[in-house]
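Naming: A, B, ... by sequence-line order, numbering from 1 per chain. No hydrogens, no waters, no symmetry mates; every other heavy atom, side chains included, goes into these values.
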2 protein chains.
Amino acid sequence: MSLIFSRQCEYALQAMLYISAQEPGKFTNINEISERLDIPMPFLGKTLQLLVQDRILSSLKGPRGGFKLAKDPSEIALFHVVDAIDGTDFLTSCVLGFPECSTKTPCPMHQEWGGLRDRVFQMLANKTIADISKEITDSKQLRTKLKLG
Amino acid sequence: MSLIFSRQCEYALQAMLYISAQEPGKFTNINEISERLDIPMPFLGKTLQLLVQDRILSSLKGPRGGFKLAKDPSEIALFHVVDAIDGTDFLTSCVLGFPECSTKTPCPMHQEWGGLRDRVFQMLANKTIADISKEITDSKQLRTKLKLG
DNA sequence: CATATATCAGACATTTCTATCTGAATATTA
DNA sequence: TAATATTCAGATAGAAATGTCTGATATATG
């Protein structure tokens with residue numbers, strides 16, 4: 001199977017979008033998120049804990065507890081979320097799996113893949129949670145997809 | 001971990017490049033390929049069998065046996081190899097993992113990711129084994145990387 | 001203060017991917 | 001024809017990713 005993000009990373013991104021679409025500052029619990037987005041609850045819990053450790057989310061235990069954004073959504077790029085879960089190996093590792101692959105000793109796809117990888121990085125680095133949150137607000141389709149009101 | 005191709009697909013692509021750089025029509029055995037490219041031999045065997053089943057390689061048992069390209073290298077796009085090993089789900093599946101994601105019901109990254117995915121596909125579909133084979137012939141660096149003479 | 005509700009931490013289970021093993025089938029060569 | 005070298009097929013093993021369970025800890029609320 002070829003893919004870009006691990007399943008755990010997909011869950012993290014989905015949950016971030018869901019949380020970002022809530023009333024700012026409100027804590028959202030994983031029970032609600034896992035039901036709405038159909039993500040296994042304990043696994044989602046572990047996943048969001050990673051985001052808390054990376055200061056992307058903050059959490060509160062107990063009744064009315066849950067998760068909220070730890071900073072302004074305009075300061076959270078998608079790349080931060082991907083980095084917290086999957087890391088950044090994809091930026092440097094060889095697309096063909098050659099252990100030594102660099103500008104000096106490139107693999108046959110090095111050049112072309114480098115260009116595509118840069119575009120992916122630019123997109124992840126430039127797109128913030130605030131950007132997407134606005135898109136969601138403006139689009140009924142997106143609210144439906146995220147099972148929002 | 002985020003990646004594009006499975007490890008098995010990386011092995012397949014590496015082996016295809018190695019085979020394509022050999023004298024045309026000559027059978028190359030997996031013992032040689034696995035040693036040169038540092039790929040586990042039994043796993044490489046299973047992998048190349050998939051390419052034989054897809055008519056990308058042809059094989060011969062017995063002494064002097066091995067694998068060779070099943071057709072002209074200009075007719076084998078990288079995409080065919082990827083398709084044989086990893087399949088084509090990445091062309092249609094949602095980058096955020098939403099089960100239903102299409103132009104009509106897009107996820108927040110649908111548009112931007114679509115463009116990048118198309119570029120990846122174009123690259124894989126346009127680039128043939130012959131193209132890369134030529135690059136390898138013309139570059140001492142690449143011959144070194146593939147452990148060729 | 002007691003109770004209920006949440007995250008959190010660590011162990012455990014399951015599934016998927018990667019890797020190995022064994023022997024059968026087939027072709028070359030002497 | 002015998003010996004050898006190779007792919008091929010199927011079973012098994014190991015590793016990594018995903019998913020589950022149990023209980024501890026913290027917080028809100030009556």
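With rounding to the nearest 0.5 Å, the separation of CD1 in I4(B) from CD1 in I4(A) is 3.0 Å. Interatomic distance, C107(A) SG to Q141(B) CD, rounded to the nearest 0.5 Å: 11.5 Å. A distance of 5.0 Å separates CZ in F5(B) from CE in M109(A), rounded to the nearest 0.5 Å.
With a 4.5 Å cut-off on side-chain heavy atoms, C9(A) and L13(A) count as touching.
Between the CZ atom of R7(A) and the P atom of dC17(C) there is a distance of 9 Å, given to the nearest Å. For E35(A) and dA6(C), the CD to P distance is 11 Å, given to the nearest whole Å. We find that NZ of K68(A) is positioned 14 Å from P of dT7(C), with the value rounded to whole Å. When the C1' atom of dC8(D) is taken as reference, atom CD of Q53(B) falls 10 Å away, rounded to whole Å. With rounding to whole Å, Q8(A) atom CD is found 16 Å from dA16(D) atom P. To the nearest angstrom, P of dG19(D) lies 13 Å from CD1 of I85(A).
Taking a 4.0 Å limit (strictly below) on heavy-atom distances, residues 23-33 of chain B reaches DNA chain D at N29(B), I30(B). In the region residues 15-22 of chain A, proximity to DNA chain D at under 4.0 angstrom, judged on heavy atoms, holds for none of the residues. Within a heavy-atom distance below 4.0 Å of DNA chain D, the residues of residues 42-51 of chain B found are K46(B), Q49(B).
Evaluation of the salt bridge (Lys or Arg N to Asp or Glu O under 4.0 Å) rule for K134(A) yields D138(A) as partners, not counting sequence neighbours. For Y11(B), the ring pair (Phe, Tyr, Trp, His ring centres under 6.0 Å) partners at least two apart in sequence or on another chain are F43(B). Taking the ring pair (Phe, Tyr, Trp, His ring centres under 6.0 Å) definition, one finds that F27(B) meets it with nothing, sequence neighbours left out. Under the rule for a side-chain contact (heavy atoms from CB on, under 4.5 Å), T137(B) has no partner lying at least two apart in sequence or in another chain.
Residue pairs meeting the salt bridge (charged side-chain N to carboxylate O under 4.0 Å, His left out) criterion with at least one partner in residues 113-133 of chain B, sequence neighbours excluded, are E112(A)-K127(B), K127(B)-E135(B). The side chain to side chain donor-acceptor pair (under 3.5 Å) pairs that include a residue from residues 23-34 of chain A are Y18(A)-E32(A), Q22(A)-K26(A), where partners are two or more places apart or lie in different chains.
Place Y11(A) and G66(B) on DNA chain D by their nearest nucleotides, and G66(B) ends up nearer the 5' end.
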Enumerate donor-acceptor pairs with a distance under 3.5 Å from any side-chain N or O in residues 70-84 of chain B to protein atoms, sequence neighbours excluded.
unit_1, atom_1, unit_2, atom_2, d
D72(B), OD1, S74(B), N, 2.9
D72(B), OD1, S74(B), OG, 2.6
H80(B), ND1, A77(B), N, 3.0

May I have the list of side-chain donor-acceptor pairs in residues 54-61 of chain A shorter than 3.5 Å, sequence neighbours left out?
none

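Phosphate proximity of dA6(C) to S59(A): absent, as no side-chain N or O sits under 4.0 Å from OP1 or OP2.
The main-chain N or O of T105(B) is found under 3.5 Å from a side-chain atom of S102(B) such that the two form a donor-acceptor pair.
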Review item, nucleotides 24-30 of chain D N/O atoms under 3.5 Å of protein N/O:
unit_1, atom_1, unit_2, atom_2, d
dT27(D), O4', K61(A), O, 3.4

